[in-house]
Amino acid sequence: MSPYKIDENVYNSLLELLNDAYFVDSKGNFTDFQFYHDDHWLSDSAVIDNLIYKRGEWNIELVFALHTNPLKFIKRQIMSYSCLKKATLSASLMRRMAAKDQRGTLEVKVEDFKICCN
Amino acid sequence: MYNTKERIVNASIKLFNDHGIASVRLQQIADEIGISVGNLAYHFKNKEAIINSVYEKLFEDFQQILGAYLKTPSLLDFDSQVSYYFDFFKNYQFYITDLFATEHPLPEVRQRWQEFMNKMIFQIRKRLDFHARRGDLTPQTEATYDILSEAIWMTIVFWIPQQQMRSKPITETRFKNAVWNNVKPYLTEKGTNEFSSMILPVFI
């Protein structure tokens, strides 16, 4: 037999919460899923790893760039290592993990940036 | 195929119902399932161990029924819980002697019964609140619903023993009728419609 017992008042309030569930809870709006649509482009992004030496440590950054429009990108700092070799290895592993795509790894071409050299 | 332990427990429940817990002997249980007392002793060292197992199963079943609270927001949900209660109280008819026994082989059982019965009343009471809020039941004072929940509880718990005492048939339809008759006077038009469209057609 279970040694745990529940107080009568607590039990009553639990039942009340169950009752409330059918009145208080309501269906969500489509706008609540906006964040999902906003981030949808990330599934079509190429991943670029980047190492930056900062405050005596090698920081690994991953850049997620949309392969059709590389100017749309986000940059995330993942972690840092004091050893460059470790950081390089870890960065390449992270990039491979993040870039895993059934359609093959997407690539960003430099020409797409249309950089003005003036 | 049940294993021997389960067969022993099930046979014990049947014998407890027929003769009462105190008057059942190990020999009777062994005879019931066609094994020797020695074999019985291999599975359960004494009668107390069997009683323990029976109660473990009983309270587990009770817990399952209490867990079926408001799975769907309809009167049908209560109806199905009433069906479970019918099966439960019919299966464990010796409960009635338990409730009034001054002494029990397992002292903690009395307290467990009390605990479960209280939970049962609380659930019925809160269910009335829920349906009143949903518009299935007419708004009444707290006291009225307190009394109604106790009346429903009494019907669920004591309907089977009273039928037995009067040598009347124990059927699920009559049981459910008895329970729903407590609620019917408080049903609103919406509640009555739901009752006749959803519950009456599935009345067994």
Side-chain angles (χ1 to χ4, degrees), chain A residues 1-45 47 62 64 66 68 72 74 76-79 93-106, chain B residues 48-49 51-78 81 104-137 142 145-146 149 194:
Chain A
M1 285 181 192
S2 162
Y4 302 106
K5 290 209 172 85
I6 192 163
D7 178 44
E8 286 184 1
N9 293 328
V10 177
Y11 188 68
N12 267 324
S13 12
L14 280 175
L15 290 175
E16 261 166 38
L17 286 173
L18 278 173
N19 283 1
D20 283 348
Y22 290 105
F23 297 104
V24 178
D25 287 3
S26 59
K27 283 181 183 173
N29 300 314
F30 277 112
T31 49
D32 296 338
F33 289 97
Q34 195 55 45
F35 74 94
Y36 180 75
H37 294 290
D38 290 347
D39 286 348
H40 192 64
W41 68 275
L42 279 170
S43 62
D44 274 336
S45 61
V47 185
L62 289 183
F64 299 82
L66 184 61
T68 49
K72 184 171 183 178
I74 54 166
R76 291 282 179 268
Q77 187 184 323
I78 310 296
M79 52 165 59
L93 289 173
M94 278 175 188
R95 187 192 59 76
R96 275 166 59 187
M97 247 191 313
K100 205 161 188 175
D101 192 296
Q102 285 183 339
R103 296 163 295 176
T105 309
L106 299 169
Chain B
E48 202 185 312
I51 297 174
N52 235 327
S53 281
V54 167
Y55 276 105
E56 217 167 273
K57 187 171 166 359
L58 181 148
F59 287 121
E60 214 170 273
D61 287 355
F62 206 152
Q63 190 84 54
Q64 290 278 330
I65 302 173
L66 289 176
Y69 176 78
L70 224 57
K71 283 190 169 166
T72 55
S74 66
L75 289 172
L76 199 62
D77 188 78
F78 180 52
Q81 204 183 24
H104 198 279
L106 302 171
E108 70 273 15
V109 162
R110 208 182 164 76
Q111 206 192 334
R112 294 272 288 174
W113 268 120
Q114 204 175 25
E115 207 178 289
F116 274 85
M117 289 301 183
N118 278 337
K119 277 188 180 176
M120 199 177 154
I121 299 181
F122 291 149
Q123 278 204 357
I124 298 169
R125 178 68 187 84
K126 290 292 167 197
R127 208 183 261 280
L128 293 176
D129 273 351
F130 174 79
H131 287 294
R133 197 166 157 192
R134 191 171 170 254
D136 301 326
L137 297 174
E142 289 274 309
Y145 277 147
D146 283 348
S149 58
E194 193 178 322

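Chain A is the first sequence line, chain B the second, and so forth, proteins listed ahead of strands; every chain is numbered from 1.
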Do you know which two heavy atoms are closest between Phe23(A) and Arg134(B), and how far apart they sit?
CZ-N, 3.8 Å
With sequence neighbours excluded, give me every side chain to side chain donor-acceptor pair (under 3.5 Å) pair touching residues 9-19 of chain A.
Tyr11(A)-Gln123(B), Glu16(A)-Lys126(B), Asn19(A)-Tyr69(B)
Would you say the side chain of Leu15(A) lies within less than 4.5 Å of the side chain of Lys119(B), judging by non-hydrogen atoms?
no
Could you tell me which portion of Arg125(B) (side chain, backbone, both or neither) has an atom closer than 4.5 angstrom to a non-hydrogen atom of chain A?
neither
Listed by chain and number, what are the side-chain hydrogen bond (donor to acceptor under 3.5 Å, both in side chains) partners of Gln77(A), not counting sequence neighbours?
Asn59(A)
